[in-house]
There are 2 protein chains.
Amino acid sequence: MTTPSQTEADFLAAYDPRAFDSPLSPVDVVIFTLHQQQLKVLLVRRHNFPHKDRWAFPGGFVDQHHDATLEAAALCKLTEKTGVTTPYLEQWGAVGNATRDPRGWSITVLYFALIPFAEPPADSDARWFTLDDALTLNLAFDHSELLPKVVERLRSKVLYTVMPAHLIASPFTLSELQRAYECVLGRELEKKAFRRRLETAGVLEATGNSTREGAGRPAAFYRLRPECASFNFNRQLGHPG
Amino acid sequence: MTTPSQTEADFLAAYDPRAFDSPLSPVDVVIFTLHQQQLKVLLVRRHNFPHKDRWAFPGGFVDQHHDATLEAAALCKLTEKTGVTTPYLEQWGAVGNATRDPRGWSITVLYFALIPFAEPPADSDARWFTLDDALTLNLAFDHSELLPKVVERLRSKVLYTVMPAHLIASPFTLSELQRAYECVLGRELEKKAFRRRLETAGVLEATGNSTREGAGRPAAFYRLRPECASFNFNRQLGHPG
DNA sequence: CAAATAGTGTCTGTCAGACATTATTCT
DNA sequence: AGAATAATGTCTGACAGACACTATTTG
């Protein structure tokens with residue numbers, strides 16, 4: 001294969017990418033939002049084989065000519081299904097084995113995204129499911145196995161980040177943000193401790209206005225400082241009780 | 001492509017994996033150890049194009065017939081270069097773009113491993129480099145860009161895990177473990193706080209014996225409880241000062 | 001006024017940082 | 001004894017949990 005006098009340029013000129021079987025390499029995005037006090041996941045119904053007509057994460061193959069990077073490919077899948085262009089987007093990891101896709105060895109790179117609620121575009125094949133419903137569906141490929149793992153990451157990171165701020169519309173009140181944390185964690189938080197933590201971290205900034213929305217004292221509006229989008233606290237929120 | 005009456009079985013029977021260009025999909029492993037109070041990285045010299053003769057992380061393509069999973073493929077690369085069969089092995093993530101490999105679109109799945117020091121097998125093309133040296137080399141592919149990112153993950157996880165225990169031979173003394181933390185972090189830790197933290201977490205177990213190694217009072221030996229290999233503390237070690 | 005929601009005061013417990021002190025070995 | 005290393009005692013400060021309290025709005 002490599003002769004003694006061959007140069008790198010010779011090698012590349014002669015290189016045929018189809019000479020070897022490469023695994024399939026899809027990119028999938030688990031998109032979360034919060035709506036009506038419930039954590040929801042966006043799923044699309046598959047129109048093609050394999051697993052035609054089953055629900056799945058938005059995703060697909062990298063377009064080698066149009067996508068410059070993996071992250072760009074993931075963002076593209078997300079924007080296509082939601083219209084959102086600047087989500088919180090994080091790579092969960094890669095999952096690869098011989099059995100997850102009936103077509104053969106497949107390595108998916110899984111991302112997850114957090115966006116404020118919006119109805120999918122009218123022409124879309126995508127639908128929001130509550131997390132509980134999504135967990136009971138028999139999703140395409142190994143997506144039913146992956147979903148709980150992605151949720152686990154989300155729940156564990158919520159204990160030391162401001163991730164729930166990305167699930168709601170900005171600006172928001174502290175009570176709204178606290179409810180977002182509570183929906184993700186599935187338990188209540190102490191109001192005072194919650195506010196003190198955000199206050200001393202300095203991750204939020206007040207926006208001049210107040211709301212009134214019905215009864216009660218109006219709340220101040222805040223937004224996440226953009227440079228704090230991935231802020232990490234030194235301590236985790238404590239365990240319940 | 002999909003006709004109305006086609007079944008999943010028909011589809012799979014007709015499916016040709018080579019009909020589409022798949023990106024290249026290597027698996028690479030960044031292997032760390034601790035030797036002579038220094039954090040070291042294992043690199044191999046490339047014998048083939050591209051980037052012949054440059055140093056690189058151990059890695060290569062998945063063997064679709066012999067590797068059942070991505071993790072098995074990573075473990076296989078590691079064992080081949082070090083002889084170690086049960087390292088601490090964690091996926092760092094996937095990196096994919098059109099430019100990282102001159103042969104074309106390539107998605108690497110990057111793992112990192114922590115092992116107690118051992119010389120590479122005699123017939124091996126692998127060599128330990130101090131981290132500082134490795135960071136100055138011009139490595140193959142984008143490995144010089146990736147190395148600092150992997151190190152960043154290591155350093156940040158050391159603040160709330162027992163990862164350095166995997167870098168040293170077991171059993172170990174508390175002083176040895178503390179030195180391992182200090183080598184990774186590049187700063188000194190408070191002895192009492194360090195011990196109290198491990199004590200109250202209950203992640204170590206004493207092994208009956210004591211050592212003497214030269215001067216001073218002999219220290220007790222401990223090993224990491226296997227079920228605590230991925231233990232997470234609720235609080236991070238504080239920032240220096 | 002009462003109900004509802006926003007926001008604060010303050011006590012307690014946990015645990016990391018700092019550093020002084022004691023313990024056990026060797027030469 | 002003195003040097004070297006291991007191990008402990010204990011004070012302080014940061015910050016989370018708990019919960020009672022005050023503040024501001026609408027009806």
Side-chain angles (χ1 to χ4, degrees), chain A residues 37 156 158-162 164 168 171-182 185 187-223 231-241, chain B residues 37 156-162 164 168 171-182 185 187-222 231-241:
Chain A
Q37 314 275 41
S156 71
V158 161
L159 297 174
Y160 60 92
T161 66
V162 290
I168 57 181
F172 44 76
T173 69
L174 293 178
S175 296
E176 285 164 358
L177 182 58
Q178 182 173 344
R179 275 195 295 276
Y181 274 79
E182 290 170 342
L185 290 174
R187 72 170 210 261
E188 301 201 330
L189 298 178
E190 280 302 315
K191 178 165 61 169
K192 182 57 200 258
F194 179 78
R195 286 163 184 242
R196 189 179 38 210
R197 187 171 150 103
L198 291 168
E199 167 68 35
T200 68
V203 290
L204 301 183
E205 61 191 359
T207 76
N209 306 326
S210 264
T211 179
R212 51 197 66 248
E213 45 177 292
R217 173 175 170 178
F221 273 139
Y222 297 86
R223 78 175 132 248
F231 179 82
N232 283 252
F233 293 91
N234 290 345
R235 300 197 193 174
Q236 294 198 333
L237 290 175
H239 310 292
Chain B
Q37 315 275 45
S156 70
K157 287 198 73 166
V158 161
L159 297 175
Y160 60 92
T161 66
V162 290
I168 58 181
F172 45 77
T173 69
L174 293 179
S175 297
E176 286 163 358
L177 182 58
Q178 181 173 344
R179 274 196 295 276
Y181 273 80
E182 290 170 341
L185 290 174
R187 70 171 210 261
E188 301 201 329
L189 298 178
E190 281 303 315
K191 178 164 61 169
K192 183 58 201 264
F194 179 79
R195 286 162 185 243
R196 187 180 38 210
R197 187 170 149 104
L198 291 167
E199 167 70 36
T200 68
V203 289
L204 301 181
E205 60 191 0
T207 74
N209 305 326
S210 264
T211 179
R212 54 198 66 246
E213 46 177 291
R217 173 176 169 178
F221 273 140
Y222 297 86
F231 180 81
N232 282 251
F233 293 92
N234 290 344
R235 301 195 192 177
Q236 294 198 336
L237 291 175
H239 309 292

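We name chains A, B, ... by the order of the sequence lines, and we start the count at 1 in each one.
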Rounded to the nearest angstrom, tell me the gap between atom [atom1] in [X] and atom [atom2] in [N].
{"X": "L159(B)", "N": "dC15(C)", "atom1": "CG", "atom2": "P", "answer": "18 Å"}
{"X": "R217(A)", "N": "dT5(C)", "atom1": "CZ", "atom2": "P", "answer": "14 Å"}
{"X": "F221(B)", "N": "dA6(D)", "atom1": "CZ", "atom2": "C1'", "answer": "13 Å"}
{"X": "Q178(B)", "N": "dT8(D)", "atom1": "CD", "atom2": "P", "answer": "14 Å"}
{"X": "R197(A)", "N": "dT8(C)", "atom1": "CZ", "atom2": "P", "answer": "18 Å"}
{"X": "Y160(A)", "N": "dC15(D)", "atom1": "OH", "atom2": "P", "answer": "19 Å"}
{"X": "L198(A)", "N": "dA6(C)", "atom1": "CG", "atom2": "P", "answer": "15 Å"}
{"X": "Q236(B)", "N": "dC15(D)", "atom1": "CD", "atom2": "C1'", "answer": "14 Å"}

Listed partners of Y160(A) passing ring pair (Phe, Tyr, Trp, His ring centres under 6.0 Å), at least two apart =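 Scan of Y160(A) (ring pair (Phe, Tyr, Trp, His ring centres under 6.0 Å), adjacent residues dropped) gives none.
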Atom of [X], atom of [Y] and distance for their closest heavy-atom approach:
{"X": "L189(B)", "Y": "Q178(B)", "result": "O-NE2, 2.9 Å"}
{"X": "Y181(B)", "Y": "V162(B)", "result": "OH-CA, 3.1 Å"}
{"X": "R195(B)", "Y": "S175(B)", "result": "NH2-OG, 3.3 Å"}

Ignoring hydrogens and angles, are the base of dA14(D) and the side chain of R235(A) linked by a donor-acceptor pair under 3.5 Å?
->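 Per atom types, the contact qualifies.
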Could I get the full list of side-chain hydrogen bond (donor to acceptor under 3.5 Å, both in side chains) partners for E188(B), not counting sequence neighbours?
->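 Once residues adjacent in sequence are excluded, E188(B) has no partner under the side-chain hydrogen bond (donor to acceptor under 3.5 Å, both in side chains) criterion.
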For the atom pair CD1 (I168(A)) and CZ (R179(A)), what is the distance rounded to the nearest 0.5 Å?
->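 Atom-to-atom, I168(A):CD1 and R179(A):CZ are 9.0 Å apart.
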Quick one: CZ on F233(B) to OG1 on T200(B), what's the gap to the nearest 0.5 Å?
->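 Output value for this atom pair is 7.5 Å.
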Of the nucleotides dG7(C), dT5(D), dT24(D), which has the atom closest to the L174(A) side chain?
->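 My answer, after comparing the listed nucleotides, is dG7(C).
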Kindly state which residues belonging to residues 189-196 of chain B come within less than 4.0 angstrom of DNA chain D, counting heavy atoms of the residue only, listed by number.
->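 Under 4.0 Å from DNA chain D: K191(B), K192(B), R195(B), R196(B).
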Any S175(A) side-chain nitrogen or oxygen under 4.0 Å from OP1 or OP2 of dT5(C) =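 Answer no for this pair, as no side-chain N or O of S175(A) is under 4.0 Å from OP1 or OP2.
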